[in-house]
Undergrad: 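Below you will find the structure I want to go over with you.
None of these values were measured; they are calculated from a predicted model.
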Amino acid sequence: MIGRLVFIAAMLASSMAWAQEADAPATVEEIAAAKAHADAVMDRNDARPFFINVTRGEVPLVRHVASG
């Protein structure tokens with residue numbers, strides 16, 4: 001019984017410590033590269049009328065205009 005409680009306490013403590021580690025925010029260069037990539041994909045697929053580039057981080061992100 002006490003072994004299980006110790007195990008659960010250790011798991012909770014380790015998950016809280018892990019959750020506090022945050023990635024560094026994206027740099028201006030990383031954001032610009034992600035925006036350029038999203039633009040290139042939309043241009044390559046003639047998707048500009050249907051999608052807008054809403055990238056704000058290091059991951060390219062587009063939004064479907066009709067869906068919002």
Undergrad: Report the residues that fulfil salt bridge (charged side-chain N to carboxylate O under 4.0 Å, His left out) with R56, sequence neighbours left out, ordered by chain and then residue number.
TA: none
Undergrad: Under 4.5 Å between side-chain heavy atoms, chaining through other members, with only Ile, Leu, Val, Met, Phe, Trp and Tyr counted: pull out the rest of the cluster around V41, sorted by chain and number.
TA: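 Cluster partners of V41: none, it stands alone.
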Undergrad: Running the 4.5 Å side-chain criterion over Ile, Leu, Val, Met, Phe, Trp and Tyr, what cluster does V59 land in, apart from itself?
TA: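 In the cluster with V59 there is nothing else; it is isolated.
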Undergrad: By salt bridge (charged side-chain N to carboxylate O under 4.0 Å, His left out), which residues pair with D43, not counting sequence neighbours?
TA: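 Applying salt bridge (charged side-chain N to carboxylate O under 4.0 Å, His left out) to D43 gives R48.
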Undergrad: With sequence neighbours left out, write down each residue that passes side chain to side chain contact (heavy atoms under 4.5 Å, CB included) with A33, or none if nothing qualifies.
TA: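 For A33 there are no side chain to side chain contact (heavy atoms under 4.5 Å, CB included) partners, ignoring immediate neighbours.
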Undergrad: Could you report the tightest heavy-atom contact between T55 and L61, atom names first, then the distance?
TA: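 Of all heavy-atom pairs spanning T55 and L61, the closest is OG1-N, 2.9 Å.
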Undergrad: Under the 3.5 angstrom rule, does the side chain of N53 hit a backbone N or O of A38 as a donor-acceptor pair?
TA: no
Undergrad: Please name the pair of heavy atoms, one in G57 and one in A34, separated by the smallest distance, quoted to 0.1 Å.
TA: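 Smallest heavy-atom distance, with atoms named: O-CB, 3.6 Å.
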Undergrad: Shortest non-hydrogen contact from E58 to A26?
TA: N-CB, 3.7 Å
Undergrad: Cluster partners of V62, using ILVMFWY side-chain heavy atoms under 4.5 angstrom, listed by chain and number?
TA: M42, F50, F51
